[in-house]
4 protein chains.
Amino acid sequence: MFINLDFESKEPIYVQLIHQIIEGVAKKKLQPGDALPSVRSLAADIGINLHTVNKAYQQLKQDGFILIHRQKGVVVHPDGIPKADKVYKSVLKEKLHPLISESVCRSVTEEEFLQLCSQLFHEFKEETGDV
Amino acid sequence: MFINLDFESKEPIYVQLIHQIIEGVAKKKLQPGDALPSVRSLAADIGINLHTVNKAYQQLKQDGFILIHRQKGVVVHPDGIPKADKVYKSVLKEKLHPLISESVCRSVTEEEFLQLCSQLFHEFKEETGDV
Amino acid sequence: MFINLDFESKEPIYVQLIHQIIEGVAKKKLQPGDALPSVRSLAADIGINLHTVNKAYQQLKQDGFILIHRQKGVVVHPDGIPKADKVYKSVLKEKLHPLISESVCRSVTEEEFLQLCSQLFHEFKEETGDV
Amino acid sequence: MFINLDFESKEPIYVQLIHQIIEGVAKKKLQPGDALPSVRSLAADIGINLHTVNKAYQQLKQDGFILIHRQKGVVVHPDGIPKADKVYKSVLKEKLHPLISESVCRSVTEEEFLQLCSQLFHEFKEETGDV
DNA sequence: GTGGTCTAGACCACG
DNA sequence: GTGGTCTAGACCACG
């Protein structure tokens, strides 16, 4: 796997794991239906606790990113990731709010901010070949 | 004050406080040099512990938003908020990354995302009359 | 641990703790990567409140002396302590200034003063075997 | 007066005042027998509390820097400042200890440190013409 | 009155 | 078990 964790970060490990896997999906390293390692093997691989992997997987399942079959194991959701709904967009807005608030204080212009976002979007497109 | 906390939220109270004060600065409800309530009075006002307020104030001081002045008490930094530097922008990028990553997965287009950001920027401009 | 606090001193306990740990590093009793006791166990050991230990640890982390690691717990920074930069030297100068100022008033000669410093340096070298 | 205070500093104002006056003596801007402003006038001059000036003066008197006559007012001690005794030197050593300790950690060499001290000494000599 | 420091005690998220 | 957060309450130095 391509998982890269920072054990010194304030961000909990399970959250980092979730982010990394979502990033894998965004970059199409992980496609719908693709298998993910079992809780046990991923934990062993990265050298973290079973609970931690499990917590990340449960959250990803909850959010519609993965399916956990008793037997087939863990797979990226075969139907694709659920499209953004109103709830997602409102949560997204809530998360963006403090970032934009502080940026305004620090004299980051709207143009700069949008360009930064745009740049991040393009990084995904490049990796997926969707340019 | 205009502080509005959500005690049910997972976001720690001191973090919410920080966000609210930064928002106040962004919306120019708080201007450079303006006085902020003392640790004690704000704590009493909101009905939280003074240590919690103190933690928020210490962080804001660290980040250059406020000064804790021997005589004047706590004030919004009279020289204005430090402009975004490389460190800030790189942290900002790190925070935006997972948001954009998940948005890509959920088929939020770049245009939609930028528009959402733009809309948030305009909310600040409207409130400050900087339109 | 080798921590030795003076509860009668005007110096806050958390500051004393910081000094003691830095001294431990200077004397190489604590080496990069070495584990430090947890907040709780150190507090219990010394017989002080865990918040006091925590305050010291947070400061030491801030200053690059220690890492608070998700898995390993608290350790002396494995990459070694950050070398003195301009900021450190200017702060050091500010701290030395009043000491030298008063010494000048009290007719301590430059030679005496330097010798005193030199002696203190040698105490560290002796303990570390770096003579 | 040449007093220069930093109200944002963590250093209490009365301590800053003490340092400034001692510095004045070290630089011979203030000579034995010279008059100092009254508590009241100095406080008014700098714009600080009477108590604060008084506290600084009491400490300076205690340390042998000044005399406080009921009628003649405040003067730099006419007999000159008491020479450093064992107590002073031991306190000085205690204050230098953590500075050197941290410097050792941060790879400041003995030579660099001594040179910094030397430089500070020379700043006093230059100002007094004692070069 | 104000911030700084310290304590005792509690709950929770994380691993 | 560990650090993070929060509370209630207390004393002190400072101004």
Side-chain angles (χ1 to χ4, degrees), chain A residues 5 7-17 43 46-56 59, chain B residues 5 7 9-17 35-44 46-59 61 66-74, chain C residues 5 7 9-17 35-44 46-59 61 66-74, chain D residues 5 7-17 43 46-56 59:
Chain A
L5 301 177
F7 293 99
E8 292 150 26
S9 166
K10 291 188 69 172
E11 203 77 53
I13 296 175
Y14 84 97
V15 173
Q16 293 182 48
L17 232 188
I46 323 184
I48 61 178
N49 199 298
L50 285 182
H51 298 344
T52 310
V53 177
N54 197 48
K55 184 156 189 175
Q59 183 69 48
Chain B
L5 301 177
F7 293 98
S9 167
K10 291 185 64 175
E11 202 77 50
I13 295 176
Y14 83 96
V15 173
Q16 293 183 47
L17 232 188
L36 283 166
S38 78
V39 171
R40 271 173 175 71
S41 68
L42 184 53
I46 320 183
I48 60 176
N49 192 280
L50 96 189
H51 287 111
T52 309
V53 176
N54 196 46
K55 188 160 187 175
Y57 274 8
Q58 290 301 327
Q59 184 67 47
K61 174 179 148 192
I66 64 172
L67 280 184
I68 299 181
H69 202 279
R70 291 253 166 213
Q71 300 190 304
K72 297 178 207 158
V74 182
Chain C
L5 301 177
F7 293 98
S9 167
K10 291 185 64 175
E11 203 78 50
I13 295 176
Y14 83 96
V15 173
Q16 293 183 47
L17 232 188
L36 283 166
S38 78
V39 171
R40 270 172 175 72
S41 68
L42 183 53
I46 318 182
I48 60 178
N49 192 280
L50 97 187
H51 287 112
T52 308
V53 176
N54 196 46
K55 187 160 188 175
Y57 273 9
Q58 289 301 328
Q59 183 67 49
K61 175 179 148 194
I66 64 173
L67 280 182
I68 299 180
H69 202 279
R70 292 253 166 214
Q71 300 189 303
K72 298 176 207 158
V74 182
Chain D
L5 302 177
F7 294 100
E8 292 150 26
S9 167
K10 291 187 69 172
E11 203 78 52
I13 295 175
Y14 86 96
V15 173
Q16 292 184 47
L17 233 188
I46 323 185
I48 60 177
N49 199 298
L50 285 181
H51 298 344
T52 311
V53 177
N54 197 50
K55 184 156 189 175
Q59 183 68 48

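A note on names: the letters A, B, ... follow the listed sequences, proteins ahead of strands, and every chain is numbered from 1. Heavy-atom basis, side chains included; hydrogens, waters and symmetry copies ignored.
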Those residues that, when tested against A/Pro12, pass side-chain contact (heavy atoms from CB on, under 4.5 Å) (two or more places apart)
A/Tyr14, A/Val15, C/Arg70
note: C/Tyr57, atom OH; F/dT2, atom C1'; distance rounded to Å ~ 12 Å
Pairwise distance CG(C/Leu17) to CG(C/Asn54) - rounded to 0.5 angstrom:
11.0 Å
Closest approach of B/Lys72 to B/His69 (non-hydrogen atoms, all atoms of both residues)
N-ND1, 3.2 Å
Using OP1 and OP2 only, check whether a side-chain N or O of C/Gln58 sits under 4.0 Å from F/dG4.
yes
May I have the step-by-step check of side-chain contact (heavy atoms from CB on, under 4.5 Å) for B/Gln58 and B/Ile68, ending in yes or no?
CA-CA 9 Å; B/Gln58 290 301 327; B/Ile68 299 181; 4.0 Å; yes
Separation of B/Leu5 atom CG from F/dT5 atom P, in whole Å?
15 Å
Please enumerate all residues that pass side-chain hydrogen bond (donor to acceptor under 3.5 Å, both in side chains) together with B/His51, with sequence neighbours excluded.
B/Asn49
To the nearest angstrom, how far is C/Ile68 atom CD1 from F/dT5 atom P?
11 Å
If pairs are Watson-Crick or G-U with both distances under 3.5 Å, what is the dot-bracket string of DNA chain F, marking crossing pairs with [ ] and pairs to another strand with |?
||||||||||||||.
Let me have a per-nucleotide readout for nucleotides 6-15 of chain F, 5' to 3', with B, S or -, counting only protein heavy atoms under 4.0 Å.
BBBB-B--SS
Provide, to the nearest angstrom, the distance between the NZ atom belonging to C/Lys72 and the C1' atom belonging to F/dG1.
19 Å
Residues that A/Leu5 engages under side-chain contact (heavy atoms from CB on, under 4.5 Å), provided they are two or more places apart:
A/Ile3, A/Phe7, A/Ile13, A/Gln16, A/Ile46, A/Ile48
Using a cut-off of less than 4.0 Å, is there contact between a side-chain N or O of C/Asn54 and OP1 or OP2 of F/dG3?
no
CG of B/Leu67 versus C1' of E/dG3: gap in Å, rounded?
15 Å
If you compare all heavy atoms of C/Ser41 against all heavy atoms of C/Pro37, which two are closest, and at what distance to 0.1 Å?
OG-CB, 3.4 Å
Interatomic distance, C/His69 NE2 vs F/dG4 P [rounded to whole Å]:
14 Å
By side-chain hydrogen bond (donor to acceptor under 3.5 Å, both in side chains), which residues pair with D/Gln59, not counting sequence neighbours?
D/Asp63
